[in-house]
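These numbers were taken from a predicted model, which means no experiment stands behind them.
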Amino acid sequence: MAASRSSAVPAAVGRTLRRDAWWTENIPVIILLGGFGIYATLRAFEGNFFEWGPYLSPFYSPLIDSHHHWLPQIISPALLILIFPLGFRMTCYYYRKAYYRAFFFDPPACAVGERPGRNYRGETGFPFILQNIHRYFLYAAIVFLCFLWYDAIKAFFFLGPDQHYHFGIGLGTLILLANISRSTRSPATRCAIWLAEKWTAFPAQP
């Protein structure tokens, strides 16, 4: 009888039997998501240039104590806001898959080895157990969507020389409208799924 040969690959980061360029999937995540993370951090701590005419940066909406009456000067108003949309995105299933692979190599891709000796326990230990509060960040995100829709609608009205507001459309108007339209789809979809699960969890009454 011929001896069978094992196709198992020794455990190591990046070890795999895959023949394709699996690592290219992580490059856009590192560049785009990483770059946006750096940009968002700098803008959040900057604390300036967040409002012009009818436009308000989504990073600062709703605007809280922009003149620092009670907020210390070293604390940007954006820091009071971003924790909620950031928490929603960081605990989102899609984003978790993206940054787990691209930044933690955990694992780098499907059927690709990760570091050996790792004691995987799912998301039951700190800090990963915090991923389970995603639904509460969803509730907060829905509240923030109301503020962002208000800002997008407000961006259609410009203060004229006569000190009256006039309807108009600028580039910033389109950007704010596109941002909130895209942002609404994700929480709305999750909310619909959650309601459907709750509805089907109860047996129909005769």
Could you walk me through whether Phe59 and Ile81 pass side-chain contact (heavy atoms from CB on, under 4.5 Å), step by step? CA-CA 7 Å; Phe59 287 178; Ile81 304 301; over 6 Å; no
Would you please name every residue forming a side-chain contact (heavy atoms from CB on, under 4.5 Å) with [X], sequence neighbours left out?
{"X": "Trp70", "answer": "Ile64, Asp65, Leu80"}
{"X": "Ile75", "answer": "Leu71, Pro72, Leu79"}
{"X": "Trp149", "answer": "Leu177, Ile180, Ser181, Thr184"}
{"X": "His67", "answer": "His69"}

When you look at Leu145 and Ser183, which way does the side-chain contact (heavy atoms from CB on, under 4.5 Å) test go after all the steps? CA-CA 8 Å; Leu145 288 178; Ser183 298; 4.1 Å; yes
Hey, what else clusters with Leu171 if you join Ile, Leu, Val, Met, Phe, Trp, Tyr whenever side-chain heavy atoms sit under 4.5 Å?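 Ile175, listed by chain and number.
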For the residue pair Phe137 and Phe84, categorise the inter-ring angle as parallel (less than 30°), tilted (30 to 60°) or perpendicular (more than 60°).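 Perpendicular.
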What class does the angle between the rings of Phe158 and Tyr55 fall in, given that below 30° is parallel, 30 to 60° is tilted and above 60° is perpendicular?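 Geometry flag for Tyr55 against Phe158: perpendicular rings.
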Of all heavy-atom pairs between [X] and [Y], which one has the smallest distance, and what is that distance?
{"X": "Trp22", "Y": "Pro108", "answer": "CZ3-CB, 3.5 Å"}
{"X": "Pro54", "Y": "Phe157", "answer": "CB-O, 3.3 Å"}
{"X": "Gly47", "Y": "Ser76", "answer": "CA-OG, 3.6 Å"}
{"X": "Ala44", "Y": "Leu82", "answer": "CB-CD1, 3.5 Å"}
{"X": "Val112", "Y": "Pro107", "answer": "O-CB, 3.8 Å"}
{"X": "Thr24", "Y": "Ala21", "answer": "OG1-O, 2.7 Å"}

Are [X] and [Y] in one and the same hydrophobic cluster, where Ile, Leu, Val, Met, Phe, Trp and Tyr link if side-chain heavy atoms are under 4.5 Å apart?
{"X": "Ile30", "Y": "Tyr94", "answer": "yes"}
{"X": "Leu176", "Y": "Tyr150", "answer": "no"}
{"X": "Leu159", "Y": "Phe156", "answer": "yes"}
{"X": "Ile133", "Y": "Ile142", "answer": "yes"}
{"X": "Leu86", "Y": "Leu33", "answer": "yes"}

Polar side-chain atom of Asn132 near backbone of Ile129 as donor-acceptor pair, under 3.5 Å: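 Checking the backbone N and O of Ile129 against the side chain of Asn132, a donor-acceptor pair under 3.5 Å is found.
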Once salt bridge (charged side-chain N to carboxylate O under 4.0 Å, His left out) is applied, do any residues pair with Glu46, and if so which ones, sequence neighbours excluded?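 Result, salt bridge (charged side-chain N to carboxylate O under 4.0 Å, His left out) vs Glu46: Arg43.
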Would you say [atom1] of [X] has more than 12 non-hydrogen atoms from neighbouring residues, nucleotides or ligands within 6.0 angstrom?
{"X": "Leu42", "atom1": "CG", "result": "yes"}
{"X": "Phe147", "atom1": "CZ", "result": "no"}
{"X": "Phe103", "atom1": "CZ", "result": "yes"}

Side-chain touch Phe50/Ser61, heavy atoms, less than 4.5 angstrom: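 When only atoms from C-beta onward are counted, Ser61 and Phe50 do not touch, as no gap falls below 4.5 Å.
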Kindly indicate whether the side chain of Glu25, heavy atoms from C-beta on, has any atom under 4.5 Å from the side chain of Cys110.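 No - every pair of side-chain heavy atoms lies 4.5 Å or more apart.
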Worked verdict on Leu63 versus Glu51 for side-chain contact (heavy atoms from CB on, under 4.5 Å): CA-CA 10 Å; Leu63 190 58; Glu51 190 175 22; 3.7 Å; yes
What's the separation between atom CZ in Phe88 and atom OH in Tyr139, rounded to the nearest 0.5 Å?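 Interatomic distance, Phe88 CZ to Tyr139 OH, rounded to 0.5 Å: 11.5 Å.
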For the atom pair OG1 (Thr173) and NZ (Lys154), what is the distance rounded to the nearest 0.5 Å?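 If we round to the nearest 0.5 Å, Thr173:OG1 and Lys154:NZ are 12.0 Å apart.
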Which one of His134, Arg96, Gln131, Arg135 satisfies the side-chain hydrogen bond (donor to acceptor under 3.5 Å, both in side chains) criterion with Thr91?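 Testing Thr91 for a side-chain hydrogen bond (donor to acceptor under 3.5 Å, both in side chains) against His134, Arg96, Gln131, Arg135 leaves exactly one candidate, His134.
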Can you check side-chain contact (heavy atoms from CB on, under 4.5 Å) on Tyr99 and Val29, steps first, answer last? CA-CA 7 Å; Tyr99 68 76; Val29 178; 5.5 Å; no
